[in-house]
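I have placed the structure first, in the form of structure tokens, so that the comments after it can refer back to it.
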Amino acid sequence: MNNRKRAMEDDDGRGFERGLEADKILGSADDNGELMYLIQWKGTEAVDMVSAKEANAKCPQIVIQFYEDRITWSKAKA
């Protein structure tokens, strides 16, 4: 059994604790004042809620991409 499959079957941890690599952020939520991201993991269909603090440290480019995909610009009225 490969490491990725073993990590998916391990219920003792979540996300980065299982040795998974983040693929993309699907959404965000406020959990009692703490920003959390719903992260999908590479090579799996698994998703986990991860604190923004941990995601910012472990996958900053994915966090940046999440916000870049959602930014909207409006034209200034003259």
Side-chain angles (χ1 to χ4, degrees):
M1 181 182 303
N2 68 29
N3 288 339
R4 183 172 292 180
K5 195 168 226 173
R6 190 175 308 126
M8 289 302 303
E9 295 175 359
D10 182 7
D11 290 333
D12 291 337
R14 294 225 167 256
F16 295 109
E17 295 171 0
R18 293 185 287 179
L20 300 175
E21 183 179 349
D23 184 32
K24 63 183 171 180
I25 297 174
L26 302 175
S28 61
D30 181 324
D31 183 22
N32 292 321
E34 182 178 8
L35 179 60
M36 304 288 286
Y37 295 124
L38 181 63
I39 295 183
Q40 183 167 10
W41 306 101
K42 281 188 180 178
T44 72
E45 293 185 17
V47 295
D48 291 310
M49 293 299 286
V50 174
S51 74
K53 189 175 194 175
E54 183 176 21
N56 290 339
K58 294 186 176 177
C59 58
Q61 291 302 321
I62 291 172
V63 174
I64 291 167
Q65 187 65 51
F66 173 72
Y67 286 107
E68 284 181 345
D69 290 346
R70 285 154 182 78
I71 195 166
T72 58
W73 302 97
S74 60
K75 291 184 179 181
K77 295 183 181 181

Using atom types as modelled, flag every donor-acceptor pair under 3.5 Å from a side chain in residues 59-68 to any protein atom, sequence neighbours excluded.
from	atom 1	to	atom 2	distance (Å)
Gln65	NE2	Asp69	OD1	2.6
Tyr67	OH	Tyr37	OH	3.0

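- The heavy-atom pair separating Ser28 from Leu35 by the smallest distance is CB-CD1, 4.0 Å.
- Heavy atoms only, all atoms of each residue included: Arg18 and Gly13 are closest at CD-O, 3.4 Å.
- With values rounded to the nearest 0.5 angstrom, Lys42 atom NZ is found 12.0 Å from Lys24 atom NZ.
- Listed by first and then second residue, the salt bridge (Lys or Arg N to Asp or Glu O under 4.0 Å) pairs involving residues 25-40 amount to none (not counting sequence neighbours).
- Rounded to the nearest 0.5 angstrom, Asp23 CG and Glu21 CD are separated by 8.5 Å.
- Among residue pairs with one or both ends in residues 52-64, those qualifying as salt bridge (Lys or Arg N to Asp or Glu O under 4.0 Å) are Glu54-Lys58; sequence neighbours excluded.
- With rounding to the nearest 0.5 angstrom, the CD atom of Glu17 is 9.0 Å from the CG atom of Asp48.
- Think of Val47 as one node in a network of Ile, Leu, Val, Met, Phe, Trp and Tyr side chains linked at under 4.5 Å; its network also takes in Leu26, Met36, Leu38, Met49.
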